[in-house]
Amino acid sequence: MASGRTSGYGPSVPADASPGSAPESAIAVHTLTAAAKDVIEGAFPPLWVRGEVSNFKAHRNGHWYFSLKDREAQVNCVIWSSAAKRIPAPPDDGMEVLALGQMTVWPVRGDLQFSVRALEAAGDGLWRKALEQTRLRLEKDGLLDPARKRPLPAFPRRVAVITSPDGAAMHDIITVSRNRSADVELVIIPAKVQGEGAPESLVAAIEQLRRWGDADVLIIGRGGGSREDLWAFNDERVARALAACPIPTISAVGHEVDVSICDLVADVRAATPSAAAELAVPSRREVVARVDALGKRLAAAARRREDRAIASLSQVQKRLALAAQRVVERRRGKVETIAGQLHALSPLSTLSRGFAVARTPGGATLSSRNQFVPGAPFDLWLRDGIVEATAGTNRPLPDGMTSAPAPMDDTTNPTRA
Amino acid sequence: MTELSFEQSLTRLEEIVRVLERNDLDLDEALRLFEEGIGHLRTAGAALKTVDARVQQLVEAADGSFSVVDLGA
């Protein structure tokens, strides 16, 4: 493969008395491997290689070592820590991968080595694996527990927003918030939301908010983008910082299919930054309507209570009047009873039983025949009136019908109501 | 009594309305609650009158102190 190449050490090797052409000019081992490295590297452009991962080892210093193999061959691979950091997760043994790398020689061992700088697994395997691993770690620490979810404040004074100051997300959040309520303050805490250093920037912004502490709710997010663009919101450090945020959090990472790790950790997940602003900021119109409704209910309840007081007052009045009437009636009854008794004793009541009383026109009762002078006028008092009469002759009662000795109580006044 | 937040004020007002709507209090208590309710209603109404739209940015000084500056958005 290297034949025909004239660059590097190629031309110097066959030259006269060139190093290594005779025992006297023997070269050192490291000279040999260094030369081989140069030749190999010169011969191969960066290539995508397909194979299966085996013997994967992540070294403590951050470099990854493994082999790529197929049924007939294998090659040693290395991913230096600088490149490994950009790969979402280490591959598993047996995983089918595509690796972009440079063929080279590892001079220390004299081995061929494929130096990989990008790695992709079939079906987004590495991204999924990274997400899953982060999710499991957070879950193990209880950070995904639904019981941790805090309710959002109903009436925040201040909403903190962590996002890129020049992204569409910030614009959307400001617009929606203002439309809903003019008196909720927005405080932007700018952060880098994608690319190198984005997770650190997001963590720093959350830390800043925590130290400042003067907001009621946090919106953290960004507009849509590619998976790589959104990756900072899947960073475990960001997730942990968000979980430790002292105020309720809303994550709004514009994405289509996957839920980000931040979405899982936040108290509330919003589909978009606009939706997050709607969740965070109460609609002023709705609040005004609610206060108005409460005022009306309060007035109505008070009116009803007043009506009831009036009703019970008039009921008391009625009962009082009724009681008074009963007293009067009882007294009247008593008076009537007495009157009845009195009446029974009155001579007039005798009249009502069919008897008559004879009286002089002057009003004196004539109770003995001796008081009648024949031819003299007298009045006969009956139940319903007075008849003027004239006395005829008189005689004593037949035998056996003598009455008691003549009554003397002719002073009884028969006139009464 | 410490000053209540808008939210607390509204929550208390709702509570008062609910209790009054049960209509089973004696008159003194009902009047007292009604007065308190009117107070909360005023507080809430006043809070809704403050229109103060601001978009600001959090700035942390080198000494760790914070300030918010208008973004002028």
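These values consider heavy atoms only, across backbone and side chains, with no hydrogens, waters or symmetry-generated copies. Proteins get letters first, then strands, A, B, ... in listed order; numbering begins at 1 in each.
- Of the atoms belonging to A:Pro190, it is side-chain heavy atoms, and not backbone ones, that fall under 4.5 Å from chain B.
- Taking CG of A:Leu294 as the start and CZ of B:Arg18 as the end, the distance is 9.5 Å to the nearest 0.5 Å.
- Among A:Glu306, A:His171, A:Arg211, the residue with the largest count of heavy-atom pairs under 4.5 Å with chain B is A:Arg211.
- The distance from atom CD of B:Gln57 to atom CG of A:Leu186, rounded to the nearest 0.5 Å, is 12.5 Å.
- Residues A:Arg305 and B:Leu31 are not in side-chain contact: their nearest non-hydrogen atoms beyond the backbone lie 4.5 Å or more apart.
- Atom CG in B:Leu20 sits 12.5 Å away from atom CZ in A:Arg303 (nearest 0.5 Å).
- Of the listed residues (B:Leu33, B:Leu25, B:Val19, B:Ile16), the greatest number of heavy-atom pairs within a distance under 4.5 Å of chain A belongs to B:Leu25.
- Using a cut-off of 4.0 Å between Lys/Arg side-chain N and Asp/Glu carboxylate O, A:Arg290 and B:Glu14 are scored as salt-bridged.
- When side chains are defined from C-beta on, B:Leu58 does not count as touching A:Ile188, because their heavy atoms never get closer than 4.5 Å.
- Atom CZ of A:Arg148 has more than 12 neighbouring heavy atoms from other residues, nucleotides or ligands inside a 6.0 Å radius.
- With a threshold of 4.5 angstrom between heavy atoms, A:Ala154 approaches chain B through its backbone and through its side chain.
- Atom CZ of B:Phe66 and atom CD1 of A:Ile189 lie 8.0 Å apart (nearest 0.5 Å).
- When each of A:Arg157, A:Arg158, A:Arg297, A:Arg304 is scored by its heavy-atom pairs under 4.5 Å with chain B, the top score falls to A:Arg297.
- Other residues, nucleotides and ligands contribute only 12 or fewer heavy atoms inside 6.0 Å of the CD atom of A:Glu196.
- With respect to chain A, the highest number of heavy-atom pairs below 4.5 Å among B:Leu41, B:Ile38, B:Leu27, B:Val68 belongs to B:Leu27.
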